[in-house]
Each structure stands twice: as structure tokens, then as C-alpha cells.
*Asks:* 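Sharing a structure, written as C-alpha cells. Questions coming.
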Amino acid sequence: MSQNHSVFIELDQNLNQIIVGQSSLIKQLLVALLAGGHVILEGVPGTGKTLLVKVLAQLIQGEFRRIQLTPDVLPSDITGTNIFDLNGRNFTLKKGPVFTEVLLADEINRTPPKTQAALLEAMEEMQVTLDGESLPLPDLFWVIATQNPLEFEGTYPLPEAQLDRFLFKLLVDYPDQAAEKQMLLNRQAGFAARRIDISSLKPVATVADILEARKEVKQVQVSEKIIDYLLALVRASRQFPDLALGASPRAAGAWLQTSQAAAWLAGRDFVTPDDVKAVASPLLRHRLLLKPEAMLDGLQIDAIIASVINQVQVPR
């Protein structure tokens, strides 16, 4: 494989050294970076979500900004605004944190719909319009939004139509016992996540490397059999008895794109059915909608996705 592929292998190794016990999450995050899609990270506090994004931004030498979203954050706090300069008697543009390469939007469900819409519009259009002037965002512009799954009081859950704009929804789980023990041993040896000097970490890639890798991902071959298999899965999700809403055409395109990214990351230049299955859960869990009776029965969305996949015959 190319030099860019070895860069991603190094990225994976470096992230796993700092963020212990989240190897599956790291791989999925790298697939999203390769596919150029925005991500929702959902997990309880203290599982290293912010640290993971900060470290990744440093390792690829990407400009990083963070917004702590609260109910009083206005759209202009994200996009920026024109400020009147009394001395110069003119307006000067003050760009908001959205003008960056890696943007961490902390607790996106804590901010009102108008502010959420401003961020989502920037994500979709790759530009911001201020006072009638369209300002382009950086080529890499990548949003990672976090959510706390435990607190619902005083929050503004994103509607399904807006959730569909995120490529992946990644669940940050507790590390296993061995990984958590390693974390405690690291802490005892003097490692503290809050005090880590991220700026001292040696980068292993550049933003240009990431953009080149994305071009290579688009060259990964997808046979007609794989496309038919993917379409059969999409259609099965739309007809599944426990689902009120199946995968959208946008989801189908994203599924193809992320399957190519997963294949490229695995060192192949062609997509296999396993690549399609590997990205199914993070790609679909925020796009599919359970019927009310399925919710009452306590059915979990990841289990439904597995059932949809088992229903469709794998091409030979």
C-alpha cells in the first residue's frame, strides 16, 4: 500500500498508546476521517472523548478548536460576526470557532435548535454566510460532536433529519478490566490525562496526507455484487418489521464510502462484504428509528442492525 496507508497505521498505534482500551473506537474514528464524514461521540463522562480528539488533531497537525455548547450559545458564537470598529468607522469580521480543521462540539444536545442548525449548515455546505458574504471553510473541516447519554433534562435532542448529516455515531464504552487496570498503573506511574502536554506530541501526518489518503480511498474498487449486497441491506432496513424508518439514500451513499475507507485502512484496494458489515452499526444506529412497540419491548438498535444483516444473503 501507499505511504499514506503507513501513516494511518502509525496514527492508529500512537492513539492506542495514549487512549488505552478504545482500539475499536479509534479504528472507527479513523474510518470516518478517511471518508470525510462528521461524527457523534456518545459516552458517559470520563471515558477520554475530548482527549482522543485533541490528540488526533495534534498527530495530523490539524488546527483544533473546541466549543462547549450550552443553552445560551448563539449561532454567531459559532460562525462569527461582523463587528463595527468605532475608530476605523468600518466593520471587521471576527471569525467564529467553526473556521478550523478539527472542531470538537461538546454536548451538542445542550444547545438550542437554532444554534445546532447553524453548525449543521456549516457542516453540510462547507461554508458560512455572514451578512450575505459566503466564506469557505478549510478543506479538512471535520466536526466531532459529543453527547452525554445519561442526562435528558434541559437538553435539545437532534431531530432524525439532522442526525442523518453525521456519518457515524460512535459509542464510547467503558474500557475492559485489563485496559482499566493499565490506566490505573499509568496514573500511579505519574501519567495524568489532564496534564498531558498535547503540543509536545510528535505529529505523524499532515493535513495534506489526510486529503491525499481520501483521494486514494475513492479509488478502492467496489464490484457490482457488493453494490447489490449493500442495496439489499438498505432495502431490508426499510422493510424490517420493528423499524419505523429505514436507511435513507444518503445513508446508502455513506455506507459505500465508509466501506471503501474500511477496506483501504485494512490494506486492500477492493471492498469485501466484511467491510460493509464492519461499518453498519456506527453508520446506521442514529439513522434508523424503532417503532414505539419495539421500544416498549426493550429492543436495542444495534441488535436490530445485526438482524437486518443476518437477513440478507452474503454474495459469494
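Model, not experiment: these values are computed from the prediction. Residue numbers run from 1 in the order of the sequence given.
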*Asks:* State whether the side chain of T115 and the backbone N or O of V73 hold a donor-acceptor pair below 3.5 Å, judged by distance alone.
*Replies:*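 Side chain of T115 to backbone of V73, a donor-acceptor pair under 3.5 Å: yes, one is there.
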*Asks:* Would a hydrophobic clustering, with Ile, Leu, Val, Met, Phe, Trp and Tyr connected at side-chain separations under 4.5 Å, put L171 with L158?
*Replies:* no
*Asks:* Not counting sequence neighbours, list each pair that qualifies as a ring pair (Phe, Tyr, Trp, His ring centres under 6.0 Å) and has a residue in residues 98-130.
*Replies:* none
*Asks:* Test your reading of the model: is there a side-chain donor-acceptor pair from S307 to the backbone of A303, 3.5 Å cut-off?
*Replies:* yes
*Asks:* Got a sec, which pairs hit ring pair (Phe, Tyr, Trp, His ring centres under 6.0 Å) with one end in residues 294-316, sequence neighbours left out?
*Replies:*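 The answer is none; no pair qualifies.
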*Asks:* Among Ile, Leu, Val, Met, Phe, Trp and Tyr joined by side-chain contacts under 4.5 Å, find the other residues sharing a cluster with L289 and list them by chain and number.
*Replies:*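 Other cluster members: L245.
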*Asks:* When the side chains of residues 28-38 are checked against the rest of the protein, which donor-acceptor pairs come out under 3.5 Å, sequence neighbours left out?
*Replies:*
| unit_1 | atom_1 | unit_2 | atom_2 | d |
| --- | --- | --- | --- | --- |
| H38 | ND1 | V143 | N | 2.9 |

*Asks:* Residues in side-chain contact (heavy atoms from CB on, under 4.5 Å) with N310, at least two apart?
*Replies:* none
*Asks:* Taking salt bridge (Lys or Arg N to Asp or Glu O under 4.0 Å) as the definition, give me every residue that meets it alongside E212, ordered by chain and number, with sequence neighbours left out.
*Replies:*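 Applying salt bridge (Lys or Arg N to Asp or Glu O under 4.0 Å) to E212 gives K215.
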*Asks:* Just by modelled atom types, is the V128 backbone N or O under 3.5 Å from a matching donor or acceptor in the T79 side chain?
*Replies:*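 Side chain of T79 to backbone of V128, a donor-acceptor pair under 3.5 Å: no, none is there.
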*Asks:* Is the side chain of K49 donor-acceptor paired with the backbone N or O of L41 at a distance under 3.5 Å, no angle test?
*Replies:*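 Absent.
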*Asks:* Please confirm whether the backbone N or O of I108 pairs with a side-chain atom of T111, one donor and one acceptor, at under 3.5 Å?
*Replies:*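 Not a single qualifying donor-acceptor pair exists.
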*Asks:* Does anything in residues 52-66 form a side-chain hydrogen bond (donor to acceptor under 3.5 Å, both in side chains)? List the pairs, not counting sequence neighbours.
*Replies:*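 Residue pairs passing side-chain hydrogen bond (donor to acceptor under 3.5 Å, both in side chains), neighbours aside: R66-Q68, R66-D106.
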*Asks:* Run the side-chain contact (heavy atoms from CB on, under 4.5 Å) test against P136 and tell me which residues pass, sequence neighbours left out.
*Replies:*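 With neighbours one apart ignored, the set is empty.
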*Asks:* Look only at the side chain of Q127 and the backbone of S134, and say whether a donor-acceptor pair between them is shorter than 3.5 Å.
*Replies:*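 Answer holds: no.
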*Asks:* Under the salt bridge (Lys or Arg N to Asp or Glu O under 4.0 Å) rule, collect the residues that match up with E101, sequence neighbours excluded.
*Replies:* none
*Asks:* Is it true that atom CZ of R235 has more than 12 heavy atoms of other residues, nucleotides or ligands lying nearer than 6.0 Å?
*Replies:* no
*Asks:* If the condition is salt bridge (Lys or Arg N to Asp or Glu O under 4.0 Å), which residues does E10 pass it with, not counting sequence neighbours?
*Replies:* none
*Asks:* State which residues pass side-chain contact (heavy atoms from CB on, under 4.5 Å) with K114; sequence neighbours excluded, sorted by chain then number.
*Replies:*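 For K114, the residues satisfying side-chain contact (heavy atoms from CB on, under 4.5 Å) (neighbours in sequence not counted) are P75.
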*Asks:* Does any part of the side chain of D209, heavy atoms only, come nearer than 4.5 Å to the side chain of F8, both counted from C-beta?
*Replies:*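 No. Closest side-chain heavy atoms not under 4.5 Å.
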*Asks:* Check whether any side-chain N or O of Q162 sits under 3.5 Å from a backbone N or O of P113 as a donor-acceptor pair, and report yes or no.
*Replies:* no
*Asks:* Side chain of D77, backbone of L74: donor and acceptor closer than 3.5 Å?
*Replies:* yes
*Asks:* Could you check whether atom NZ of K27 has more than 12 heavy atoms from other residues, nucleotides or ligands sitting under 6.0 Å from it?
*Replies:* no
*Asks:* Hey, could you give me each pair passing side-chain hydrogen bond (donor to acceptor under 3.5 Å, both in side chains) that has a residue in residues 271-289? Not counting sequence neighbours.
*Replies:*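 Every pair satisfying side-chain hydrogen bond (donor to acceptor under 3.5 Å, both in side chains) with a residue in residues 271-289: D164-R287, R268-D275, T272-D275, R285-D302.
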